[in-house]
Amino acid sequence: MEEKYNPEQIELHWQEVWNREKTFAVHEDKTKEKFYLLEMFPYPSGRIHMGHVRNYTIGDVIARYLRMTGKNVLHPMGWDAFGMPAENAAISHKTHPKDWVDNNIANMKAQLKRLGLSYDWDREVNTSVPSYYRWEQKFFIEMYKKGLAYRAKSAVNWCPHCTTVLANEQVIDGKCWRCSSDVVIQEKEQWFLKITEYAEELLKDCDTLTGWPERVITMQKNWIGKSEGCEILFGIDGMDDKLRIFTTRPDTVYGITFMSIAPEHPLVEKMVTEQHRGAVQAFVDRIRRGGTKTREIEAGEKEGVFTGRYAISPFTGEKIPVFVANFVLMEYGTGAIMAVPAHDQRDFEFAKKYGLGIKVVIQPDAEVLDPETMQHAYEGSGKMVNSNQLSGTDNEQGKALVIGKVVKEHLGTAKINYKLRDWGISRQRYWGAPIPMVYCDTCGIQPVPFDQLPVELPMDVQITGEGESPLARHEKFLNATCPVCHGHAKRETDTMDTFMESSWYFEKYTSPSVKDAPFDRHALDYWMPVDQYIGGIEHAILHLLYARFITKVLRDLGYVRNNEPFSNLLTQGMVIKDGAKMSKSLGNIVDPENIIKQYGADTARLFILFAAPPEKDLEWADKGVEGARRFLDRLWRLVYKHINRLQQHGTPSANEDTGALAIRRLTHKTIKHVTDDIIKDRFHFNTCVSALMEMLNSLYEADDKGIKDADLNAFREALNTLLILLNPFAPHITEQLNKELGNPSLLTAPWPAYNPSFTHDNIVSVVIQVNGKLRGQISVPENSDEHTVFGIASADEKIKSYISNKPVKRLILVKDKLLNIVV
RNA sequence: GCGAGGGUGGCGGAACUGGUAGACGCGCCAGACUUAGGAUCUGGUGGGAUAACCGUAGGGGUUCAACUCCCCUCCCUCGCACCA
């Protein structure tokens, strides 16, 4: 055995063994309980960063631990290989995106292996290869045939920097999710997937995701944004057209004092009277020019102009003035609303600003609302007033009654609205999966027949980053044959959003090598769903919503059985340095490769696991890394010191002297501690690591006193156990030391069970409080009752002085822990 | 504004269903071994004068006992942000 711990040598050795022997390859095995553990696969940017190290280390601990408990663990890794940066790199480095990506994958794969991550690399998936995306193209066509994929012209989010369209989910605060450029709105034809068709199920099934963080569920629910109410048609004075509005508060229809419509509403032009045309036109132009961005910034400042036109209430027959207002959104509901200032804050502010009427129709029990003195709208519940025959009704019942009336009298319909929009997946980019459709002059839009898939992305392209996608200029790709009339057709040149590939890769891992179908049905059914998914919170909506959607679609297409892809979700925090996210611009990046070179992978892993619980942000501290390394050095030295004695074999016997017994207690208490902590509490590995540190500290103390020959078996048990317990966290050093000790590989070692007779003591120390204040500590036999403990305690001089001679009113005993003496 | 999660030593963080606050690590202090040490080892380390006592954002409450439960206030982070 080497005297000095040399992580590089040890780690490379074991990694080579694992690689050569395909140690972590798994197969379906019905005799074992399966566990599908997955971390979000990376974009092959070229180098791994600390966020990856954290994500994958957390996963690896779980994988290695679960294997030791006998589970059949699927733990795969792959590459989300399509996407913009490859094209940008191609432009700036004059390489082909494919070469750039393949090269990056090779680098990153080596880096991941260097971390000792226990993946089944035989299942590696690369989303940019035709054998992967051909199935995605098939799914797309099947969706098209079911009406779940359609082409439409609509206002879309356009990122001028990426020169492509973005989905709603990919616009964050009016900026592109990837490059932070301001997004502009453009009219474009593009392909949509009907995620709205699944809105209700996606919302409803949130309640089945009991293993997901509450805040992710909340974000998804908010994004789907369901609201129930009704649409009501209002007549327009002097016109045949009707004004359709959506409201969730039909109980307040008697409180309408005006109407508001969006500046983009098609009826604006038609409704506005000659007298008001100039003012309305000026207002609409100004709002339009500002675009969505300024409109959001100016949120709060409500503005509008009168159209000169009146709507007619189908409930009261009253004439109601119609305004064009900046806060009414064309893209939600019907683009027009009824305004009830007494019971809606926005309408209230608008009414105050323009001196419009306020009419109270809901009266709460606690106060009497007076339109004259109200400072803000009352949006709560109460009794309906000023509402004709409905006056006196509870407003919640009133909602249903008004909807009933609306439906019965054909004034409108009951309606559920969602904020969720269909998913626009067309990207005007080269490096993506081609959308498998052709345009025939005679037959119109036609899907490519299945037997002609994949529609391969041509490799011989010129990527300039300017103008149209290279595909639009690629004659051979562009020109196709119509599958129906065999005449000339043109191919769709847009590619799919890369979130499509990441919406089903976890299913592909279950059977990566099948060729004639996307999945092997038996493998899929055996492994799915993913039991534990781990990744960054930044995908709370984007990826996780799309993946849920596509899973449900694949279920309905007959490919998969499960309703949801991920049973449990862990969202790990960021790795930060000097209080900020690591970034090039801040110059606070720590390169994992340097850390591994300097300290070793085991140290890097250990530090990352120890420094913070997984869901919290982790502050990188170089000194902390040294602490982790020190622990491993100490472990190495202790084994080295005793290696010759320890190599003899033997197991601890039943009756040991006190030294051996103390060591065995330590061992079994630590097993209990680590076993209890490792999985429960959402993987708080930091306390596991600290328990192992404590154990090592205690073994050093024992060693200080001298390990007698009689203690040797207990000492050996302690070290062997420590190595097993530490193995998921630091797999290389533990495997090496374990080998030095002459034991069979830890890969086949079962997770140890603790012996309960060693996890508690016969003599326990009990805290003594007098009147709730800590006054001393005494040793008593286990399970002593309050009188016994009090007897011993009151004999203690110090405690006696606190009791003095006051009568004891009460004794409160927490068995084997605490006695509170109330005097 | 709404929703969620938080506020514990100089720092990262422990503390199970109310029961020794500050485990473990970093840093710091002292000592040992050393030519030396940024190596290693030993001891100490919430504040306070070694005391009484005070301490888990602040204030109040329940309790024999509160970081933990209840009420009020302040602050931080994240998400949503005119969705009718």
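First the proteins, then the strands, lettered A, B, ... as listed; each starts at 1.
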Please give the distance between the [atom1] atoms of [N] and [M] as a whole number of Å.
{"N": "C24(B)", "M": "G9(B)", "atom1": "C1'", "value": "14 Å"}
{"N": "G13(B)", "M": "A39(B)", "atom1": "C1'", "value": "27 Å"}
{"N": "G7(B)", "M": "U56(B)", "atom1": "C1'", "value": "9 Å"}
{"N": "A57(B)", "M": "A52(B)", "atom1": "P", "value": "25 Å"}
{"N": "U68(B)", "M": "U77(B)", "atom1": "P", "value": "24 Å"}
{"N": "G55(B)", "M": "G48(B)", "atom1": "C1'", "value": "11 Å"}
{"N": "U45(B)", "M": "G25(B)", "atom1": "P", "value": "14 Å"}
{"N": "A21(B)", "M": "C54(B)", "atom1": "P", "value": "13 Å"}

Please write out the pairs of protein N or O atoms and N or O atoms of nucleotides 17-24 of chain B separated by less than 3.5 Å, giving the distance to one decimal.
residue, atom, partner, partner atom, Å
U20(B), N3, Gln777(A), NE2, 3.1
A23(B), O2', Glu694(A), OE1, 3.2
A23(B), O2', Glu694(A), OE2, 3.2

By the 4.0 Å heavy-atom rule, please label Ala621(A) as base, sugar-phosphate, or nothing.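 Since no nucleic acid heavy atom lies under 4.0 Å of Ala621(A), the category is nothing.
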
Assign Arg421(A) to base, sugar-phosphate, or nothing according to its heavy-atom contacts below 4.0 angstrom with the strands shown.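 Touches nothing.
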
Does [X] have a side-chain nitrogen or oxygen under 4.0 Å from the phosphate oxygens OP1 or OP2 of [N]?
{"X": "Arg249(A)", "N": "A84(B)", "value": "no"}
{"X": "Lys302(A)", "N": "C82(B)", "value": "no"}
{"X": "Lys773(A)", "N": "C54(B)", "value": "yes"}

Nucleotide pairing, RNA chain B (Watson-Crick or G-U, distances under 3.5 Å), in dot-bracket with [ ] and |: (((((((..(((......[....)))((((((.......))))))((.....))..(((((..]....))))))))))))....

Contacts of His673(A) that satisfy ring pair (Phe, Tyr, Trp, His ring centres under 6.0 Å) - sequence neighbours left out: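 Ring pair (Phe, Tyr, Trp, His ring centres under 6.0 Å) check on His673(A) returns nothing, list empty.
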
Under the ring pair (Phe, Tyr, Trp, His ring centres under 6.0 Å) test, which residues partner Phe323(A), sequence neighbours left out?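 In terms of ring pair (Phe, Tyr, Trp, His ring centres under 6.0 Å), with neighbours along the sequence ignored, Phe323(A) is linked to Phe258(A), Phe306(A), Phe350(A).
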
Anti/syn call for G9(B), syn if |chi| within 90°: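 G9(B): syn.
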
Against the six-membered ring of Phe729(A), is Arg605(A) placed for a cation-pi contact (under 6.0 Å from the centre, within 45° of the normal)?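 Because its charged atom misses either the 6.0 Å distance or the 45° angle limit, Arg605(A) does not stack over Phe729(A).
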
N/O donor-acceptor pairs under 3.5 Å from side chains in residues 685-692 of chain A, not counting sequence neighbours:
residue, atom, partner, partner atom, Å
Thr687(A), OG1, Asp677(A), OD2, 2.7
Thr687(A), OG1, His684(A), O, 3.0
Ser690(A), OG, Thr687(A), O, 3.1

Does any donor atom in the side chain of Asn417(A) or Ser227(A) lie under 3.5 Å from an acceptor atom in the other side chain?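 Short answer, no.
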
So which of Arg630(A), Arg629(A), Arg637(A) actually passes side chain to side chain donor-acceptor pair (under 3.5 Å) with Asp633(A)?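 It is Arg629(A); the other options fail the test.
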
Contacts under 3.5 Å, N or O only, protein and nucleotides 40-50 of chain B:
residue, atom, partner, partner atom, Å
U40(B), O3', Arg637(A), NH2, 2.7
C41(B), OP1, Arg634(A), NH1, 3.1
C41(B), OP1, Arg637(A), NH2, 2.7

